[in-house]
Amino acid sequence: MRLSQYFLPILRDNPKEAEIVSHRLMLRAGMIRQEASGIYAWLPLGLRVLKKIEQIVREEMDRAGAVEMLMPTLQLADLWRESGRYDAYGPEMLRIVDRNKREMLYGPTNEEMITAIFRSGVKSYRELPKNLYHFQWKFRDEQRPRFGVMRGREFMMKDAYSFDVDEASARISYNRMFVAYLRIFARMGLTGIPMRAETGPIGGDLSHEFIVLAETGESGVFINKDVLNLPIPPETVDYAGDLSGIVTQWTTLYAATEDVHDAARFEAETPEAKRVSTRGIEVGQVFFFGDKYSKPMKAMITGPDGVERPAQCGSYGVGVSRLLGAIIEASHDDKGIIWPESVAPFTVGLANLKVGDDATDAACEKIYAALTKAKVDVLYDDSDDRPGGKFAKLDLIGLPYQIIVGPKGIAADEIEVKTRATGERETLPLGEVIARFSGSVWVS
RNA sequence: CGGGGCAUAGCGCAGCCUGGUAGCGCGACGGUUUUGGGUACCGUAGGUCGGAGGUUCGAAUCCUCCUGCCCCGACCA
């Protein structure tokens, strides 16, 4: 992409409304624009990252055996009356009346709808288990939106719903999601730590929140720091096999948010030197809730014994739009964002330091064409901005690699390649730069 | 939802107390400079002062109401 054709409204000053670093950087880097309190337009650069995150989640969900679909944002109030939640949900739910005076709502979640869909299509235990998911915008009319996309009113969420014949098999479904979540966050360069969460009236041990550690996080957390070094399940993990060993490994060491924190137990289980008390951002949650919706909504399954029982269900959320904020909180410096390569909006930023100089222009065009052909995402800064401005802009938007082409370097057949994360620079001849980034053996 | 604040040019702000018809920095645009970590100089454009009403000869400025936004707390993916 040529910057001259792109839409990248960089802000040089900090907008006064942005308090925390991820919010400031997203506004300054031209990723989002606020349209109303807690509601954002996703500008081209922000949308690219959102899509990258979505794709990682999709790949891991599919790998774990879940099936993608798409449910609408608007739902009928009557559906929510079936579960009793229409009245139970407070003013957080945005209620809408259509032209025919039908009561509707902008969905804050989809348990009711998925249960209705499921019950119309599945009747027998032979068709189970099932896990259906979608990516969709949700709306919760928060009393106090803040922190940019980390706590907006409109937000993108991946929500999955599992259906099983009994609790034992539901536990297997739960474990699959648990393992998939470990991989999802790791692929984004985050350590998503599963923590004991409140299970509400259902009880049991099948509820975990996945938390990314960050000083600016909204909840206090207490962990045994060894949990940070546990192994992430590999891509080849067998989702058809027994995953309970992995789940046990990740749930044995102490890790809990302040709501469920048990100080006495923390101290008893965790050597003093290993105790860490910090803050975190919730980026996902896995939850088994049994027949909470399937029972009142009569989503019945006939078992092998011929008896009908409500399906045993769980739901599994990932805060997709919130993850942008979480990743930036975890990965930035005083110059700007440092994107992990897996979610970066572009892999390479190509800076032409002297647009109009024949040799520099030609070298940039050659690199741009070669990398584009090799399917490397390149943002080519072909503007006539000052060199200093280009450097600052590339550092701000945080692309993993910068290829810097100027007349001085070209004269010596030297092109500078800078790695954003480390600040490391090396100079290479043009041919090697192209080979390095377009070769199939590229090592980052 | 309780408490506190803000609203003046694209962004950040001054002017308001003590009414006299709007200003600064950055950015944008046009030049000069040909430049390797947001360069310097010259010039230009851009604002119904959030909205409505009121007081006054006269309101960005004083009064009332409304709207939007932010911060602290309670609440939350």
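Letters A, B, ... mirror the listed sequences (proteins, then strands); counts begin at 1. Everything quoted here is computed from the prediction, not taken from an experiment.
Summary of the strand contacts: A:A392 and A:K354 both lie near RNA chain B, and taking for each the nucleotide with the nearest heavy atom, the more 5' one is attributed to A:K354. Both A:P387 and A:R146 lie close to RNA chain B; mapped to their nearest nucleotides by heavy-atom distance, the more 5′-ward contact belongs to A:P387.
A centroid separation of 6.0 Å or more is found between the aromatic rings of A:F288 and A:Y174. Ring centers of A:W80 and A:Y89: under 6.0 Å apart, within the cut-off.
Taking the ring axis of A:Y86 as reference, the NZ or CZ atom of A:R81 stays within 45° of it and closer than 6.0 Å to the ring centre. A cation-pi contact, defined as under 6.0 Å to the ring centre and within 45° of the axis, is absent between A:R265 and A:Y254.
Judged by Watson-Crick or G-U wobble contacts below 3.5 Å, the nucleotide B:C29 has B:G43 as its partner. Judged by Watson-Crick or G-U wobble contacts below 3.5 Å, the nucleotide B:G73 has B:C1 as its partner.
Taking only side-chain atoms of A:I10, from C-beta outward, the nucleotide of B:C76, B:G38, B:U35 with the closest atom is B:G38. Taking every side-chain heavy atom of A:K16 into account, B:A7 is the closest of B:C71, B:C70, B:A7. The side chain of A:R28 has B:G38 as its nearest neighbour among B:A77, B:G38, B:G12. Listed candidates were B:C76, B:G37, B:C1. Nearest to the side chain of A:R140 is B:C76. Among B:G36, B:C76, B:C69, the nucleotide with an atom closest to any side-chain atom of A:I404 is B:G36. In this structure, of B:G37, B:U35, B:C75, it is B:G37 that holds the atom nearest to the side chain of A:R425. In the set B:G38, B:U39, B:C76, B:U39 carries the atom at the smallest distance from any side-chain atom of A:R386. Each of B:C1, B:G36, B:A77 was ranked by its minimum atom distance to the side chain of A:P407; first place goes to B:G36.
Nucleic acid contact for A:G325: none, since no nucleic acid atom lies under 4.0 Å from a heavy atom of the residue. Contact annotation for A:Q34: backbone-only contact, meaning every heavy-atom pair under 4.0 Å involves sugar-phosphate atoms and none involves a base. Nucleic acid contact for A:G409: base, since at least one base atom lies under 4.0 Å from a heavy atom of the residue. Contacts of A:G406 with the nucleic acid, taken as non-hydrogen atoms under 4.0 Å apart, include base atoms. Contacts of A:Q143 with the nucleic acid, taken as non-hydrogen atoms under 4.0 Å apart, include base atoms. Contact annotation for A:E282: backbone-only contact, meaning every heavy-atom pair under 4.0 Å involves sugar-phosphate atoms and none involves a base.
Considering A:M26, A:K52, A:M156, A:M150 in turn, A:M26 is the only one that fulfils the side chain to side chain contact (heavy atoms under 4.5 Å, CB included) rule with A:L324.
Remark: the separation of the C1' atoms in B:G10 and B:A45 is 13 Å, to the nearest Å. Separating the P atom of B:G12 from that of B:G38 is a span of 23 Å, rounded to the nearest Å. On the P atoms, B:C72 is 33 Å away from B:U39, given to the nearest whole Å.
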Could you list the protein-to-nucleotides 22-29 of chain B atom pairs, N/O on both sides, closer than 3.5 Å?
residue: B:G27; atom: OP1; partner: A:R12; partner atom: NH1; Å: 3.2

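Panel note: side chain A:E329, backbone A:S22; a donor-acceptor pair is recorded below 3.5 Å.
Residues from residues 45-70 of chain A with heavy atoms under 4.0 angstrom of RNA chain B: there are none.
Donor-acceptor pairing under 3.5 Å, judged by distance alone, is present between the side chain of A:R151 and the base of B:C75. In the interface, the side chain of A:D395 is paired with the base of B:G37 through a donor and an acceptor atom under 3.5 Å apart.
Between A:F118 and A:F163, the ring planes lie parallel to each other; the angle is under 30°, not in the 30° to 60° tilted range. The aromatic rings of A:F210 and A:F185 sit tilted, their planes meeting at an angle between 30° and 60°.
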